[in-house]
Amino acid sequence: MKNDPLKVSDLDFPLDTKQIALNPLEKRDESRLLVIKGQNLKEIVFKDIVDLFHPGDVLVLNNSKVIKSRIIVSLEGKNIELFLHKQIEENRWQAFAKPAKKLSIGQVFSLGDNKIRVAEKLESGEVILELNLVLSSLEFFDQFGKIPLPPYIKRPSEKSDEEQYQTIFAANSGSVAAPTAGLHFTQEVLDKIKAKGAQVVYITLHVGAGTFLPIKSENVDDHEMHYENYEISQETAQIINDAKRVVAVGTTTLRTLESSCEDGKVIAQKSSTNLFIKPGFKFHVVDLLITNFHLPKSTLLLLVWAFGGRNNMEKAYDYAVKNNFRLFSYGDTSLIYHV
């Protein structure tokens, strides 16, 4: 008998907003880690993940760096927040604006000698901005921007977020959200994993704002994923293909590896992906997934259902909620064995 299509209402779970982590722990590697192996659950401290690695394992991390793409401008004495989340051309960006209704086409905002012009207003409520800069884009963001914290972290971004909302291995600028599973790693943990005979490699996928977008269609199959750019080097692809087990850090890493797979092998390339992973997806590369806990009604929750099994993940999330795990970007994390 054919299963009924998944509905977005299936992806809900009771959530106490007090469990949403508004700030990171002082020590990255002391978060709680829930090891999920089928129906078996085991809670450990993240730094003890080292004990679960074996010779021949390959740990794959996303080294994308978050850009400070949240810009505050002033209009009639009031602040307007512009979150530039998608570069369309060299100096054209798609942005969320708050409040968008205050903006009109042709308005120009000055930041030093740099100017931002409202070029279009979209039906979605977003805007297209034209940047006339005397700086490079990255220099402009570094000087005038703020770290774009996720919308569920309901506080202003602080100076400390510039370090804490980046992984310690962030290298390639381009994300508008952190690959948050990587936030738990310290250099000491990485060194100990290598000492166990495992290898550590890096891919790059620049995370877009679509990672936060809820599934709006009731039938999840109708949801359209956003495109994100990624890159895998030849050397990294070869190491992954020779691995005994591949441990992906984060859904961004997993989607990159599975997107680049042909005939069971990871292909070195620069490309983009809008891969939508949901139950029924056949995984060819990743054996274990390190990932934080995800929002109800999200594509990322569907992904972990596909990877770890729906019943197993529902049991794990029930455990996390009942045992006061800290949730989402700055929260605790999990290690999921593929079923």
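Hydrogens, waters and symmetry mates play no part in the numbers below; they use all other heavy atoms, side chains included. Quick note: residue numbers are just sequence positions, from 1. Keep in mind that this is a model prediction, so the values were computed, not measured.
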**OP:** Determine whether the side chains of Y330 and D161 contain a donor N or O and an acceptor N or O closer than 3.5 Å.
**Re:** yes
Original post:
With under 30° as parallel and over 60° as perpendicular, where do the rings of F140 and F144 fit, or are they tilted in between?
Top reply: tilted
Original post:
With a cut-off of 6.0 Å (strictly less than), are more than 12 heavy atoms of other residues, nucleotides or ligands near NZ of K42?
Top reply: no
**OP:** Report the residues that fulfil side chain to side chain contact (heavy atoms under 4.5 Å, CB included) with Y227, sequence neighbours left out, ordered by chain and then residue number.
**Re:** S272, N274
Subject >> Under the side chain to side chain contact (heavy atoms under 4.5 Å, CB included) test, residues paired with N323 that sit two or more places apart >> reply: R32, Y319, F325
Original post:
Can any side-chain N or O of E258 pair as donor or acceptor with the backbone N or O of H284 at less than 3.5 Å?
Top reply: yes
Please set out all donor-acceptor pairs under 3.5 angstrom arising from side-chain atoms of residues 237-247, sequence neighbours excluded.
from: Q238; atom 1: NE2; to: D242; atom 2: OD1; distance (Å): 3.2
from: Q238; atom 1: NE2; to: D242; atom 2: OD2; distance (Å): 3.2
from: N241; atom 1: OD1; to: V266; atom 2: N; distance (Å): 2.8
from: N241; atom 1: ND2; to: A237; atom 2: O; distance (Å): 3.1
from: N241; atom 1: ND2; to: V266; atom 2: O; distance (Å): 3.1
from: R245; atom 1: NE; to: D57; atom 2: OD1; distance (Å): 2.9
from: R245; atom 1: NH2; to: L52; atom 2: O; distance (Å): 3.0
from: R245; atom 1: NH2; to: D57; atom 2: OD2; distance (Å): 2.8

**OP:** Mind checking salt bridge (charged side-chain N to carboxylate O under 4.0 Å, His left out) for E218 and listing every partner two or more places apart, or none if nothing turns up?
**Re:** none
Original post:
Hey, are the side chains of L275 and F281 touching, using non-hydrogen atoms and a 4.5 Å cut-off?
Top reply: yes
**OP:** Quick one: list whatever passes salt bridge (charged side-chain N to carboxylate O under 4.0 Å, His left out) with K37, sequence neighbours left out.
**Re:** none
Would you tabulate the side-chain donor-acceptor contacts of residues 102-115 under 3.5 Å, counting partners in other chains and residues two or more places apart, or write 'none'?
from: Q107; atom 1: OE1; to: S104; atom 2: N; distance (Å): 2.7
from: S110; atom 1: OG; to: K115; atom 2: NZ; distance (Å): 3.1
from: N114; atom 1: OD1; to: V134; atom 2: N; distance (Å): 2.9
from: N114; atom 1: ND2; to: L111; atom 2: O; distance (Å): 3.1

Original post:
Who pairs with H294 by ring pair (Phe, Tyr, Trp, His ring centres under 6.0 Å), at least two apart in sequence or on another chain?
Top reply: none
Original post:
So among V60, L183, L59, T333, which one has a side chain to side chain contact (heavy atoms under 4.5 Å, CB included) with V249?
Top reply: L59
**OP:** Check each of N172, T253, T252, N62 against T204 using the side-chain hydrogen bond (donor to acceptor under 3.5 Å, both in side chains) test, and report the only one that passes.
**Re:** N172
Original post:
Any side-chain heavy-atom pair from Y165 and T180 closer than 4.5 angstrom?
Top reply: yes
Subject >> Residues forming a side chain to side chain contact (heavy atoms under 4.5 Å, CB included) with Q187, sequence neighbours excluded >> reply: I168, L190, D191
Original post:
Given side chains that start at C-beta, do those of H184 and N292 come closer than 4.5 Å, heavy atoms only?
Top reply: yes
Original post:
Regarding S64 and H206, is there a side-chain donor-to-acceptor distance under 3.5 Å anywhere?
Top reply: yes
Ignoring hydrogens and angles, write down the donor-acceptor pairs under 3.5 Å from the side chains of residues 90-98, residues two or more places apart or on other chains.
from: R92; atom 1: NH1; to: E130; atom 2: OE2; distance (Å): 2.8
from: R92; atom 1: NH2; to: E120; atom 2: OE2; distance (Å): 2.8
from: Q94; atom 1: NE2; to: E126; atom 2: OE1; distance (Å): 3.0

Original post:
Below 4.5 Å, heavy atoms only, C-beta onward: do Q19 and N324 meet side chain to side chain?
Top reply: yes
Original post:
Which residues satisfy the side chain to side chain contact (heavy atoms under 4.5 Å, CB included) test with N311, sequence neighbours excluded?
Top reply: Q39, E314
Original post:
Who else is in I267's hydrophobic cluster (ILVMFWY, side-chain heavy atoms under 4.5 Å, direct or via others)?
Top reply: none
Original post:
Taking only residues two or more places apart in sequence or in another chain, which ones pass ring pair (Phe, Tyr, Trp, His ring centres under 6.0 Å) with F13?
Top reply: Y317
